[in-house]
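To start, the structure under review is shown below, and the notes come after it.
Just so it is clear: chains get the letters A, B, ... in the order the sequence lines come, proteins before strands, and each one is counted from 1. These numbers were taken from a predicted model, which means no experiment stands behind them.
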Amino acid sequence: MTPTTASAKATRTKGTTTSASKNQNPLHTPIIAWYEANQRDLPWREPGCPAWHILISEIMLQQTPVVRVLPIWREWVERWPTPADLAQASPADIIRAWGRLGYPRRALRLHAAAQAIVEKHNGEVPSDHAELLALPGIGSYTAAAVASFAFGQRHAVLDTNVRRVFARTVTGIEYPPTAVTAAETKLATELLPEQRAHVWAVAVMELGALVCTARSPKCAECPVSQQCAWRLAGSPPHTGPARKGQAWAGTDRQIRGALMAALRSSKEPLSHPQLVIEVPDSALRDPNQRSRCLSGLIEDGLVEPLPGDHYQLPA
DNA sequence: CAAGCGTGGGT
DNA sequence: TACCCAAGCTT
């Protein structure tokens with residue numbers, strides 16, 4: 001690995017007025033201490049891990065569990081160690097290497113991000129939050145995460161884990177709102193310590209991932225259970241509308257997944273009849289849905305149509 | 001801005 | 001067994 005980055009590049013200047021121990025919210029010390037003792041040994045957290053490799057991990061981890069990301073991430077950083085390497089790869093290779101991680105449009109966006117990094121940033125992952133945010137597939141969370149974890153900067157990193165930890169410990173509710181609210185962003189910003197904010201960010205995330213979990217939180221192991229507003233309120237259950245689960249059976253999403261799985265595993269272009277065999281019964285009975293999904297995949301750049309009603313992954 | 005977008009393990 | 005949900009982004 002080429003250590004082009006790391007916390008050493010922290011752009012923030014060191015403490016000015018307040019000392020680290022003074023005037024900070026009471027969650028900081030116990031959560032960071034807990035993190036130092038309990039953090040997982042993840043490869044993208046190793047010192048000197050290149051910003052590009054960290055960026056890859058963040059994209060892969062969007063809505064995807066760590067255990068599923070690990071082997072694919074290792075394959076990618078070895079195969080495409082720099083943005084320039086990925087920028088030159090073919091979509092078909094990238095989509096196949098993405099495997100069954102899910103949401104394959106992420107792979108395409110990462111490809112596009114690599115090309116933008118080559119063309120606009122001289123092949124180096126930008127450290128500026130706004131420049132990160134402008135890259136394809138990078139939104140508010142990922143921009144803050146890369147700026148924090150790859151460059152040691154100070155940003156409010158608000159992912160689903162952090163939102164849940166703050167909802168419970170500070171706001172006193174079991175689950176955060178469906179969508180990120182201005183109040184949550186404000187709170188996360190206010191809680192940001194002056195020093196080592198990137199450590200605070202990853203520590204809160206880790207606490208949410210390992211202890212303050214969505215279901216069956218391990219409060220007995222929590223370093224801040226004694227000051228958790230939700231616990232102190234008697235752990236009241238979530239009120240309000242039930243969070244709607246994602247439909248799956250019979251949806252376009254299922255059909256798209258089946259079509260992509262068929263095309264990934266085939267070395268040759270597939271005819272339309274061959275594709276039909278691969279999709280679930282629900283779509284067999286609905287040619288409209290099939291064609292809609294295929295068109296959508298082509299529109300997304302995930303499938304390339306060939307003459308004679310054949311299809312393949314984009315060359 | 002709510003809906004759409006994959007996949008598979010946990011409970 | 002059926003949900004639930006996992007380091008979100010885009011339109």
> Does A/R100 have a side-chain nitrogen or oxygen under 4.0 Å from the phosphate oxygens OP1 or OP2 of B/dG6?
Replying inline: no

> Would you say B/dT7 has OP1 or OP2 under 4.0 Å from some side-chain N or O of A/R264?
Replying inline: yes

> Is there a path of hydrophobic side-chain contacts, each under 4.5 Å between heavy atoms of I, L, V, M, F, W or Y residues, that connects A/V66 with A/L101?
Replying inline: yes

> On a whole-Å scale, what distance lies between the C1' atoms belonging to B/dG8 and C/dT1?
Replying inline: 16 Å

> On a whole-Å scale, what distance lies between the P atoms belonging to B/dC5 and C/dA7?
Replying inline: 22 Å

> Taking the six-membered ring for Trp, are A/W76 and A/W98 ring centroids under 6.0 Å apart?
Replying inline: yes

> Below 6.0 angstrom between ring centroids: does that apply to A/W200 and A/H28?
Replying inline: yes

> Would you call A/N161 and A/E206 a side-chain contact if the rule is heavy atoms closer than 4.5 Å?
Replying inline: no

>> Quick check on DNA chain B: between A/S216 and A/R256, whose nearest nucleotide comes earlier from the 5' end?
In response: A/R256

>> Checking side-chain polar atoms at under 3.5 Å, does A/T251 have a donor or acceptor matched by the opposite partner on A/Q254?
In response: no

> Between A/R168 and A/S235, does any side-chain donor sit less than 3.5 Å from a side-chain acceptor?
Replying inline: no

In whole Å, what is the span from the [atom1] atom of [X] to the [atom2] atom of [N]?
| X | N | atom1 | atom2 | result |
| --- | --- | --- | --- | --- |
| A/L108 | B/dG6 | CG | P | 11 Å |
| A/W98 | B/dC5 | CH2 | C1' | 13 Å |
| A/I255 | B/dG4 | CD1 | P | 15 Å |
| A/E299 | B/dC5 | CD | P | 13 Å |
| A/L263 | B/dG6 | CG | C1' | 15 Å |

> How would you label the contact of A/D300 with the nucleic acid (heavy atoms, under 4.0 Å): base, sugar-phosphate, or nothing?
Replying inline: nothing

> So does A/E131 pair up with A/K120, basic N to acidic O under 4.0 Å?
Replying inline: no

> When every nucleotide of nucleotides 4-11 of chain C is labelled 5' to 3' by its protein contacts under 4.0 Å (heavy atoms), B for base, S for sugar-phosphate only, - for none, what sequence of letters results?
Replying inline: BBBBBSS-

